[in-house]
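This report refers to the structure that appears directly beneath it.
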Amino acid sequence: MATPITQILPVLPTIDEHHVDRRRYPDGVAFMDGQYLPMSQAKISVLDWGFLHSDATYDTVHVWNAKFFRLDLHLDRFFGGIERLRLKLPYDRKKIASILNNCVALSSHRSAYVEMICTRGSSPTFSRDPRQAENRFMAFAVPFGSVANKEQLERGLHIAISDTVRIPPKSIDPSIKNYHWLDLVKGLFEAYDAGAETALVVDTNGYIAEGPGFNVFFVKDGSLWTPAFGVLPGITRRTVFDLCTEIGLSATAGDISRADIKAADEVFITSTAGGIMPVTRIDHAAIANGRVGPVTRRLMDLYWQKHDDPEWSTAVIYA
Ligand SMILES: *Cc1c(COP(=O)(O)O)cnc(C)c1O
């Protein structure tokens, strides 16, 4: 006779059905499985390959003063990743734009960090064949978040350059925005150990690549430079190129050594989570005079002004 299961398993404490989850969740609204939910209820199965295998793509767009910034570019990048990963979305582009709008509207945030995600999902028969998985789409809007806090934006971030190599483009196409972050997280811990606030990791040739969720630029003799290889083509990075064209500054993507960036006049990082953010120390050494430089300031100002430009923004419909 089989041993009753209660003799094998320890007795689990009973879970109160009305159990209150006391963890704090960001204030916001998510969309999943056709429904809008408070963030505390937006949960996925542990069997989802997005979780088990990082088999997913996503994009992050922000809302500032009740307007999405460059939403079309974020949707283009998201749909590009979906196609290259052979994922299928249950909704078209227009419907996804309206879901993102509704997450923001239902959250009532005027400024928000908005994420859209498509995971491989899982197979109804638990098959290991990714073609049989039912892909899942989800989205959420939470308060606007930044890589740098207010103080860091004023005085500039302190960064450490890690020896960790960013996952090479031949393994994972970096233009597909992804959650392969173990290299970036390793770099972050190394940076904290070294007393810095965030990290840059390198590419397979030892040139500077990017950091956890951001691209990097430096200014030398009035011209801008940013890594070309092994980086996610950020929309904020692209925006810096567009702003440079408008104001007549030269900006070039190429190979950037540690020595190049340390000898710069100015350094800044770029991300949807925070925009253009100054860096004033690398590996404990000051960049130039250690203060936020004039080119960085000018680009930061222009970047935020552009959030009201109808060509680059889409108003959130709250009603
Ligand atoms: C999202 C991201 C960036 C920044 O891209 P933006 O479109 O400017 O937000 C840079 N690197 C990585 C790895 C990212 O995931």
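Both ligands and their constituent atoms are indexed starting at 1 by order of listing. Heavy-atom basis, side chains included; hydrogens, waters and symmetry copies ignored.
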Taking NZ, NE, NH1 and NH2 as the nitrogens, is one of them in [X] or [Y] under 4.0 Å from a carboxylate oxygen of the other?
| X | Y | result |
| --- | --- | --- |
| Glu266 | Arg297 | no |
| Asp203 | Arg166 | no |
| Asp163 | Arg258 | yes |
| Asp265 | Lys220 | yes |

Charged tip of Arg110 within 45° of Tyr318 ring normal and under 6.0 Å: yes
Protein residues having a heavy atom less than 4.0 Å from any atom of ligand 1: Tyr58, Arg77, Arg166, Lys177, Glu210, Gly213, Phe214, Asn215, Leu232, Gly234, Ile235, Thr236, Ser271, Thr272
Ring centers of Tyr113, His62 separated by less than 6.0 Å: no
